[in-house]
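See structure below.
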Amino acid sequence: MNAAYWEEEARKLSALSDDELLARIHAAKQRWGKDLCILAHLYQRKQIGDVADFTGDSFLLSQKAAAFDGGKYIVFAGVRFMAESAAILARPEQKVVHPDPEAGCPMADMAALPEVERAWDVLSRDGGPKIVPVTYMNSTADIKAFCGKHEGTICTSSNADKTFRWAFERGGRVFFLPDEHLGRNTAFKLGLTEDDLAIWDPEKDDGGDRDRYAEAKVVLWRGYCPVHKKFSLRDVEHVRKFYPAAKVLVHPECPADVVAAADFVGSTEYIRRWVAEASKPGDQIFIGTEINLVQNLQAQYPDRLVAKLHRSLCLTMYQITLAKLCVAVEHPDKLEKVAVDDATKHWARVALDRMLELT
Ligand code: SF4
């Protein structure tokens with residue numbers, strides 16, 4: 001049975017109510033017992049998070065996937081690169097299933113391997129100091145493998161500064177993929193300025209900044225997260241004006257002026273923990289990240305004002321519906337597995353292991 005068959009099954013199931021779907025998912029989970037585990041990203045809708053065995057950001061979920069020794073099936077409710085990371089880390093006898101193989105991350109898809117190789121050809125031969133490729137966790141398996149193969153590594157939004165330092169010790173320059181904003185924010189955190197940066201724009205034949213590549217400390221791939229790019233300085237100024245006591249928390253994929261104006265900056269998991277552990281009843285907290293996380297935190301902490309900085313939904317995360325999850329949980333043995341070829345898996349693991357050593 002091919003993907004179209006299962007898509008049709010999910011379409012039929014979408015006629016059921018959420019309660020009926022949840023009842024079926026719970027029943028299927030019980031049937032599979034320890035043989036199945038559902039991992040859900042924090043940007044998933046609330047009911048999916050509630051039915052999952054583990055929730056977290058992409059890094060935490062990769063660690064959960066690697067540590068899952070229960071059994072055969074890992075159902076990953078998130079975008080495709082996350083399911084790929086789980087497949088890279090899973091044991092050979094385990095099968096990772098993605099409820100919607102079409103749900104990719106637009107930012108990860110902005111760095112395609114042939115274009116990255118073209119950029120590398122120029123950057124690694126431009127006469128500047130040695131350049132080390134570093135990719136953000138939010139990238140495809142191909143790009144992670146590329147970094148592994150070229151003595152580079154992977155970083156998360158929490159350890160990007162540490163990773164940049166590691167890369168500077170090995171060469172004079174960093175080639176950072178695929179998020180320009182996280183790269184710029186990390187460089188600024190380390191005391192670098194805009195003069196130390198150059199941009200590689202994949203839409204331009206020569207990258208667009210040719211005269212700058214040899215001397216720049218960091219070359220940033222021109223990619224962005226459409227969800228976090230939407231936040232603006234005006235959003236923060238609005239909060240400052242009308243809620244002067246409020247704290248503003250944002251994700252480092254936001255533009256640099258938003259990050260500079262915020263009170264706290266950190267990963268999705270950092271934001272979740274900050275609200276859980278550092279805030280108290282009566283506090284006012286405005287959050288600049290994906291709306292489902294904000295809404296889930298609102299529901300969890302009704303005794304404080306947890307509000308969005310701006311409404312910003314990740315459309316591809318939202319493509320994972322309860323109906324699709326239900327099909328995946330009922331038939332993980334029949335659905336196609338998330339496949340990563342052996343060479344890609346090997347080099348991506350090399351890069352991931354370097355990252356884990358650094359963590
Ligand atoms: S929130 Fe941004 S980085 Fe995360 S999956 Fe959506 S588009 Fe990709």
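Residue indices begin at 1 and follow the sequence shown. Every number for a ligand or one of its atoms is a count from 1 in the order of the listing. None of the values given here were measured: they were computed from a predicted structure.
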Quiz prompt | Tyr270/Phe264 aromatic ring centres below 6.0 Å | solution = no

Quiz item: Should Met137 and Phe164 be regarded as members of a common hydrophobic cluster, given that ILVMFWY residues are connected when their side-chain heavy atoms come within less than 4.5 Å of each other, either directly or indirectly?
Solution: yes

Quiz prompt | Closest approach of any protein heavy atom to atom 6 (Fe) of ligand 1, naming residue and atom | solution = Cys314 SG, 2.4 Å

Quiz item: Do NZ/NE/NH1/NH2 and the carboxylate oxygens of Lys46 and Asp50 come within less than 4.0 Å?
Solution: yes

Quiz item: Do any of the N, O or S atoms of Cys105 sit under 2.8 Å from atom 8 (Fe) of ligand 1?
Solution: yes

Self-check item: Distance from atom 4 (Fe) of ligand 1 to nearest protein heavy atom, with residue and atom
Solution: Tyr43 CE1, 4.1 Å

Quiz item: Is the backbone N or O of Gly152 less than 3.5 Å from a side-chain atom of His150, with the two atoms forming a donor-acceptor pair by type?
Solution: no

Exercise. Report yes or no: does Glu253 have a heavy atom closer than 4.0 Å to ligand 1?
Key: yes

Practice problem: Step by step, work out the side chain to side chain contact (heavy atoms under 4.5 Å, CB included) result for Phe188 and Leu190. | Solution: CA-CA 5 Å; Phe188 287 178; Leu190 293 176; over 6 Å; no

Quiz item: Can you list the atoms of ligand 1 that are under 4.0 Å from a heavy atom of Pro226?
Solution: 7 (S)

Quiz item: Among protein heavy atoms, which lies nearest atom 3 (S) of ligand 1, and at what distance?
Solution: Asn138 ND2, 3.5 Å

Quiz prompt | Protein contact of atom 7 (S) of ligand 1 - nearest heavy atom, named by residue and atom, plus distance | solution = Pro106 CD, 3.4 Å

Quiz prompt | Cation-pi geometry met for Arg173 and Phe168 (6.0 Å, 45°) | solution = no

Quiz item: Quick one: nearest non-hydrogen protein atom to atom 2 (Fe) of ligand 1, plus distance?
Solution: Cys225 SG, 2.4 Å

Practice problem: Using the six-membered ring of Tyr73, assess whether NZ or CZ of Lys95 lies under 6.0 Å from its centre and within 45 degrees of the ring axis. | Solution: no

Quiz item: Which ligand 1 atoms are under 4.0 Å away from a heavy-atom of Val227?
Solution: 1 (S)

